[in-house]
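Residue numbering restarts at 1 for every chain, and letters A, B, ... go by the order of the sequence lines. Since the model is a prediction, treat every value here as computed from it, not as a measurement.
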Protein chains: 4
Amino acid sequence: MINRVVLVGRLTKDPELRYTPNGVPVTRFTVAVNRTFTNQQGEREADFISCVAWRKQAENLANYMRKGSLVGIDGRIQTSSFEGQDGKRVYMTEVVADSVQFLEPRSAQGQQPYGGQPSYGASQPPYGGTQDPFGVPFPSQPPQNQPNYTRVDEDPFASSKGPIEVSEDDLPF
Amino acid sequence: MINRVVLVGRLTKDPELRYTPNGVPVTRFTVAVNRTFTNQQGEREADFISCVAWRKQAENLANYMRKGSLVGIDGRIQTSSFEGQDGKRVYMTEVVADSVQFLEPRSAQGQQPYGGQPSYGASQPPYGGTQDPFGVPFPSQPPQNQPNYTRVDEDPFASSKGPIEVSEDDLPF
Amino acid sequence: MINRVVLVGRLTKDPELRYTPNGVPVTRFTVAVNRTFTNQQGEREADFISCVAWRKQAENLANYMRKGSLVGIDGRIQTSSFEGQDGKRVYMTEVVADSVQFLEPRSAQGQQPYGGQPSYGASQPPYGGTQDPFGVPFPSQPPQNQPNYTRVDEDPFASSKGPIEVSEDDLPF
Amino acid sequence: MINRVVLVGRLTKDPELRYTPNGVPVTRFTVAVNRTFTNQQGEREADFISCVAWRKQAENLANYMRKGSLVGIDGRIQTSSFEGQDGKRVYMTEVVADSVQFLEPRSAQGQQPYGGQPSYGASQPPYGGTQDPFGVPFPSQPPQNQPNYTRVDEDPFASSKGPIEVSEDDLPF
DNA sequence: TTTT
DNA sequence: TTTT
């Protein structure tokens, strides 16, 4: 059984970091991937692909990426279903990102992490990480004592490759 | 922009061949891909991934594959939206199969193509193709004069790689 | 930076398990992948792709797979160079398998692990693992006290996803 | 049989366009892909992956990309062997690029195609193509009457997906 | 040095 | 609405 996806495209919105009840960081986002061919009207269309990232990847997305950022995703397709508001079963499919690559040139990224609330002039990153999310995993404090982050009830059971670069502190299992 | 998917899994149903108004063969099917890890209850779950194949790939699926068959898919994620019956916009994502590999051992496949209606004892394939769909493209007659095949209104705009191994006869553009 | 490979093909030989000086299991093997197209002489050629697997994957390959077995590989391309016997620099590229899928139907696999030395009639697996390597990681004893396994000097620096399903015992770092 | 590779990395040199005896454009190049993990000395290494592109892709590489350019490759691994100068068989593996994506921001690319011979100040592209190689196939004149381009004896039998976006003029078969 |  |  193999399930592998690679995407390169652009974020359709500023990513928004949330946390599960267990405090695990999670970001849902959409990647727009322009098709390499045109339709019968000669137009270039795009696919808008729902993705989810967990933990460090989620934090990096929220801290460093913005609407329009070019990203590379290596992950797998995940399907699930839940009860809709109207009582009907809703089926959804999304890409779980094992890794997220930041493909913007550094200059386009700004010199500081982006904090969700505009913090462009801030001289300190909101979490105590390094300033370089490009490829090298970097440490960040778990949000244990943050008063009002957003909780997510979704179970954060993540990648087949597991929570490899995460300190054990923020793992709920 | 890159959009690449590789899947290996099993068909959840016998594939059913349809045709667009232009006579282009199309098969929609679901591939069950077992996850390589277990959930917190220790169970192996699966992802049920919607796929679509066109032309020769669609015919091969319908002629040679059945519920439970192991297949390899190389394709791309495609998203689209349409008006639901209740007037609400429905978003869907599916994998467009550029190529479909038949991974069952030959013995498991039977000696003849499968015609949709059980035709196991038939001495002739329903369409005039060769008997070997494994990897080598094989010719098959377009369904021009078949009286009551199923039509599909969906626009058959296909793969970025295009109708490469298809005789020009069955191309609507 | 993205580096992703997916292969489905057949082993050209019985895989042979070796160990690094630190006792880490490693198997090098070649996967023959038939091309989906023919050359100008109308022949189907194949690519013979060098691969390497570490730890549990290496053990599973050696215990359960044989020449001709159909496998799925999810991994990355790795290049390296070393001094050849003639003093010239030799460049090599191989696929590091993050995961190895066993795509043979169970019947084709036999009921017991394969021990390298023909052990078809053996009633016990050579290592104390479960009998099912298909997807679920299974325990096996590290070869600590085995007197004469083969050593490999190659540094076993493994997958980008890391030694996830390995007991810390057999990790050299 | 599946053989799929996706790479995102940087060109190690300015790509150089050549032609087969049949006049088919071909470019060989190396992509440096930084690993996402560090070795035991804490250093980030890279893989240097040999690639080859044909026809339009080859022309685009030569015209628009330079040493250091960020590219995305979607292709397959190809192995081959030939007689070395010392009479010994040499085995080689390279990635055949089905598609090449140009991931540099437009500003980094310059406003004109790059002609191999420094033509930065040139007001006309060397071949009569459009100025935008980003995703949309663009026309270019075949080098029919160019007196002294470089020939390559290698057989240009290309991708499994075939010469889809190539005018029939420059196809040798 | 190659597999079905 | 799911496969082995």
Side-chain angles (χ1 to χ4, degrees), chain A residues 1-3 77-84 88-93, chain B residues 7-16 28-36 43-51 61 65-73 92 94 101-109 132-136, chain C residues 7-16 28-36 43-51 61 65-73 92 94 101-109 132-136, chain D residues 1-3 77-82 88-93:
Chain A
M1 303 296 151
I2 292 178
N3 180 343
I77 296 178
Q78 181 167 270
T79 62
S80 51
S81 71
F82 54 92
E83 195 79 20
K88 282 203 300 193
R89 191 128 285 261
V90 178
Y91 295 90
M92 79 170 228
T93 111
Chain B
L7 304 175
V8 173
R10 295 187 180 278
L11 300 184
T12 61
K13 288 188 178 171
D14 289 359
E16 204 183 330
R28 268 170 223 280
F29 57 103
T30 297
V31 176
V33 184
N34 295 124
R35 296 186 186 160
T36 54
E43 307 151 345
R44 301 287 288 302
E45 294 180 72
D47 295 293
F48 296 94
I49 301 172
S50 298
C51 299
L61 271 162
M65 304 305 284
R66 309 219 35 199
K67 178 177 177 176
S69 295
L70 189 69
V71 295
I73 303 289
M92 78 171 229
E94 63 190 351
Q101 287 296 316
F102 307 83
L103 300 176
E104 294 289 323
R106 300 171 110 76
S107 56
Q109 296 280 121
D132 188 351
F134 299 91
V136 200
Chain C
L7 305 174
V8 173
R10 295 188 179 277
L11 299 184
T12 60
K13 288 188 177 172
D14 289 359
E16 205 184 330
R28 266 171 226 280
F29 57 104
T30 297
V31 176
V33 184
N34 295 125
R35 296 185 186 161
T36 54
E43 306 152 342
R44 301 287 288 303
E45 294 180 71
D47 295 293
F48 296 94
I49 302 171
S50 298
C51 299
L61 272 162
M65 304 304 285
R66 308 219 35 199
K67 179 176 176 176
S69 296
L70 189 68
V71 296
I73 303 289
M92 78 171 230
E94 63 189 351
Q101 288 295 316
F102 307 83
L103 300 177
E104 295 288 324
R106 301 171 107 75
S107 56
Q109 295 280 122
D132 188 352
F134 298 92
V136 202
Chain D
M1 302 296 150
I2 292 178
N3 180 342
I77 295 177
Q78 181 167 270
T79 62
S80 50
S81 71
F82 53 91
K88 283 202 300 192
R89 191 128 286 260
V90 178
Y91 294 89
M92 80 170 228
T93 112

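Atom CG of D:N3 and atom P of E:dT3 are 18 Å apart (whole Å). For C:Q101 and F:dT3, the CD to P distance is 19 Å, given to the nearest whole Å. Rounded to a whole Å, the CG atom of C:D14 is 20 Å from the P atom of E:dT1. In this structure, C:E104 places its CD atom 11 Å from C1' of E:dT3, rounding to the nearest Å. Atoms CD1 (A:I77) and C1' (F:dT2) sit 16 Å apart, rounded to a whole Å. When rounded to the nearest whole Å, the span between CG of C:L70 and P of F:dT4 equals 18 Å. Taking atom CD1 on C:I49 and atom C1' on E:dT2, their separation rounds to 12 Å, with Å as the unit. Between the CZ atom of B:F102 and the P atom of E:dT4 there is a distance of 21 Å, rounded to whole Å.
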Evaluate side-chain contact (heavy atoms from CB on, under 4.5 Å) for A:M1 paired with B:R10, printing each intermediate quantity in order.
CA-CA 9 Å; A:M1 303 296 151; B:R10 295 187 180 278; 4.1 Å; yes
Test side-chain contact (heavy atoms from CB on, under 4.5 Å) on B:F102 and B:M65 and set out the steps.
CA-CA 8 Å; B:F102 307 83; B:M65 304 305 284; 2.6 Å; yes
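From B:E94, atom CD reaches atom SG of B:C51 across 8.0 Å, with rounding to the nearest 0.5 Å.
For C:F48, taking side-chain heavy atoms from C-beta onward, the closest of the listed nucleotides F:dT2, F:dT3, E:dT2 is E:dT2. With F:dT4, E:dT2, F:dT2 as the choices, the nucleotide that has an atom nearest any side-chain atom of B:N34 turns out to be F:dT4. Proximity note for A:R89 (side chain, C-beta onward) versus F:dT1, E:dT4, F:dT3: the nearest is F:dT1. Listed nucleotides: F:dT2, E:dT3, E:dT2. Nearest to the side chain of D:Y91: E:dT2. You'll find that the side chain of B:R10 is closest to F:dT4, out of E:dT2, F:dT4, E:dT3.
Residues passing the side-chain contact (heavy atoms from CB on, under 4.5 Å) test with C:E43 are C:N39, C:Q41, sequence neighbours excluded.
Nucleic acid contact for B:G68: sugar-phosphate only, since backbone atoms but no base atoms lie under 4.0 Å from a heavy atom of the residue. Residue contacts for C:K67: at a heavy-atom cut-off of 4.0 Å it reaches the sugar-phosphate backbone alone, with no base atom in range.
Side-chain contact check for B:L103 versus B:V71: every heavy-atom pair is 4.5 Å or farther apart.
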